[in-house]
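Residues take their numbers from the sequence shown, with the count starting at 1.
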Amino acid sequence: IFKFLLTFAKVRKKKKDMSIRDNILNYNNKITGNARLIAVSKTKPIEDLQEAYEAGQRLFGENKALEMRDKYLALPKDIRWHFIGHLQTNKIKYIAPFVELIHSVDSLNLLTQINKEAIKNNRVIDCLLQIDIAHEETKFGLDDDSAKELLESEEFSQLKNIRICGLMGIGSITDDKSKTRQEFKHLRELFNCFKEKYFADCDYFSEISMGMSDDFEIAIEEGATYIRIGSSIFGARDYASKN
């Protein structure tokens, strides 16, 4: 029994020591074409992010501004921080100095407030418009017409310290892969429409953020440039954090 327990403990330790690194390398081998992996590190401790960093990961996604700020301060400065959650306007100031890309812009008001904080920090902040492709009550995002109205508005044309670089969408929670594909295809088609109509001369409008652990292969096939993977890399999340 003692020998069995010792062997079991060694196996568990090996899995714990190697899992994050192995998962990072595994996903980077699977993600092809123009797509890049965002390691969604929300609620995870600094040590886990450091292990992913040492495996070569540089893109990290967070959904709470204060948690992102604290991790930014603690970790190497060549990490590129992506905000992927619903962003409250009073929290923008915490990430405005360093965030690389805000994926989840779902209103003109939010975009206006990001622009204000960008001015304070003397920078241009890149953003994606979040599109509601799943039509689920628990998800945020603009519908197609609202996104068009935003881009055509006079208020948007006055925002000089933000840059819309593409679109983001979250697929339905479903086992129906055809439904997932339809949603991702729609996001890509909307991206192409916006590119032609509003951003034809803008090389920076080039990003489509879609796809997670269960559907990233479909997302890649439909043109994703950012794939967001969290628990499949770091393990189950602890949602006790209140930042």
Side-chain angles (χ1 to χ4, degrees), residues 36-46 48-50 52-53 57-131 140-142 146-147 149-170 191 194-195 198-199 201-209 225-228 230 241-243:
R36 289 149 289 170
L37 171 65
I38 297 175
V40 178
S41 49
K42 57 187 182 181
T43 80
K44 309 311 292 186
I46 295 295
D48 287 2
L49 277 72
Q50 185 66 41
Y53 177 87
Q57 184 64 26
R58 293 296 181 271
L59 302 182
F60 288 84
E62 294 283 333
N63 72 338
K64 294 182 179 180
L66 292 175
E67 183 178 347
M68 176 185 273
R69 178 203 62 185
D70 292 345
K71 288 176 176 177
Y72 165 78
L73 293 172
L75 286 160
K77 295 303 176 280
D78 60 334
I79 287 176
R80 295 150 60 191
W81 295 97
H82 289 225
F83 193 87
I84 62 172
H86 185 62
L87 181 57
Q88 296 174 293
T89 56
N90 65 335
K91 299 292 179 66
I92 301 167
K93 61 187 177 183
Y94 298 115
I95 64 173
F98 64 88
V99 65
E100 175 171 279
L101 183 64
I102 298 174
H103 289 229
S104 47
V105 173
D106 58 4
S107 71
L108 179 59
N109 178 57
L110 178 59
L111 205 56
T112 301
Q113 297 305 316
I114 294 170
N115 188 75
K116 288 180 180 179
E117 293 299 329
I119 292 171
K120 293 177 184 178
N121 288 275
N122 192 32
R123 58 184 306 237
V124 173
I125 295 179
D126 288 345
C127 300
L128 305 180
L129 296 182
Q130 181 173 354
I131 305 299
F140 296 93
L142 296 157
S146 296
E149 290 174 9
L150 185 157
L151 293 172
E152 293 174 0
S153 68
E154 177 66 23
E155 294 92 334
F156 173 73
S157 69
Q158 300 302 313
L159 303 179
K160 305 303 182 184
N161 284 68
I162 56 90
R163 192 169 67 165
I164 301 299
C165 296
L167 306 179
M168 184 268 253
I170 301 174
F191 169 88
F194 285 2
K195 177 72 173 178
Y198 304 114
F199 300 97
D201 298 324
C202 304
D203 292 341
Y204 56 80
F205 190 85
S206 59
E207 308 295 354
I208 304 176
S209 173
T225 63
Y226 285 120
I227 305 295
R228 310 179 302 268
S241 175
K242 299 298 181 183
N243 287 334

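- Checked by atom type, the side-chain pair E154/Q158 shows a donor-acceptor distance below 3.5 Å.
- Counting heavy atoms from C-beta outward, E152 and Y198 have side chains that approach closer than 4.5 Å.
- Considering CG of L111 and SG of C127, their distance stands at 5.5 Å, rounded to 0.5 Å.
- Note that the CZ atom of R163 and the CZ atom of F199 stand 11.0 Å from one another [nearest 0.5 Å].
- I84 is not listed as a side-chain neighbour of S104, based on a closest heavy-atom distance of 4.5 Å or more.
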*asked:* Would E100 and L59 count as a side chain to side chain contact (heavy atoms under 4.5 Å, CB included) here? Give the steps.
replied: CA-CA 9 Å; E100 175 171 279; L59 302 182; 4.1 Å; yes
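- Without hydrogens or angle criteria, Q113 side chain to N90 main chain gives no donor-acceptor distance under 3.5 Å.
- A cation-pi arrangement is present between R58 and Y53 under the rule of less than 6.0 angstrom and at most 45 degrees off the ring axis.
- Atom NZ of K195 is surrounded by more than 12 heavy atoms from other residues, nucleotides or ligands within 6.0 Å.
- The only option from R69, K44, K71 that meets the salt bridge (charged side-chain N to carboxylate O under 4.0 Å, His left out) definition with E62 turns out to be K71.
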*Carefully, step by step, assess F191 and I131 under the rule side chain to side chain contact (heavy atoms under 4.5 Å, CB included).*
CA-CA 10 Å; F191 169 88; I131 305 299; over 6 Å; no
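- S107 and L150 get closest at one heavy-atom pair: C-CD1, 3.9 Å.
- Counting all heavy atoms, side chain and backbone alike, L37 lies closest to Q57 at O-NE2, 2.9 Å.
- For N122, the CG atom sits in a loose shell: 12 or fewer heavy atoms of surrounding residues, nucleotides or ligands are nearer than 6.0 Å.
- Atom CG of D70 and atom CD1 of I46 lie 8.0 Å apart (nearest 0.5 Å).
- Counting only heavy atoms from C-beta outward, the side chains of R123 and V99 approach each other to under 4.5 Å.
- Although no hydrogens or angles enter the test, the distance criterion places a donor-acceptor pair under 3.5 Å between the side chain of T225 and the main chain of I208.
- Using a 4.5 Å cut-off on side-chain heavy atoms (C-beta onward), I125 and N161 make no contact.
- A heavy-atom distance below 4.5 Å is not found between the side chains of D126 and Y204.
- Here the rule is side chain to side chain donor-acceptor pair (under 3.5 Å) with H103, and of Q130, R228, E207, H82 only H82 fits it.
- To the nearest 0.5 Å, atoms CD1 (I114) and CG (L159) are separated by 9.5 Å.
- For the atom pair CG of N109 and CD of E155, the computed distance is 11.0 Å after rounding to the nearest 0.5 Å.
- Using cut-offs of 30° and 60° on the angle between ring planes, the pair F140 and H86 is parallel.
- Taking 4.5 Å as the limit, some side-chain heavy atom of Q50 sits within range of a side-chain heavy atom of P76.
- Closest approach of G61 and I38 over heavy atoms only: N-CG2, 3.5 Å.
- Interatomic distance, CG of L151 versus OG of S157, reported as 11.0 Å (0.5 Å rounding).
- With contacts defined as side-chain heavy-atom distances shorter than 4.5 Å, the pair L110/I92 qualifies.
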*Decide side chain to side chain contact (heavy atoms under 4.5 Å, CB included) for W81 and I95; before the verdict, give the C-alpha distance in whole Å, the side-chain angles of both, and the deciding distance to 0.1 Å.*
CA-CA 9 Å; W81 295 97; I95 64 173; over 6 Å; no
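- Across C165 and L128, no two heavy atoms sit closer than the pair C-CD2, 3.7 Å.
- G85 and F83 get closest at one heavy-atom pair: O-CE2, 3.0 Å.
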*Output, in order, the C-alpha distance, side-chain angles, deciding distance and verdict of side chain to side chain contact (heavy atoms under 4.5 Å, CB included) for V105 and I164.*
CA-CA 9 Å; V105 173; I164 301 299; 5.5 Å; no
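- Side-chain atoms of F98 and N121, non-hydrogen and from C-beta on, never get closer than 4.5 Å to each other.
- Seen from the ring of Y72, K77 counts as a face-on cation partner, given the 6.0 Å and 45° thresholds.
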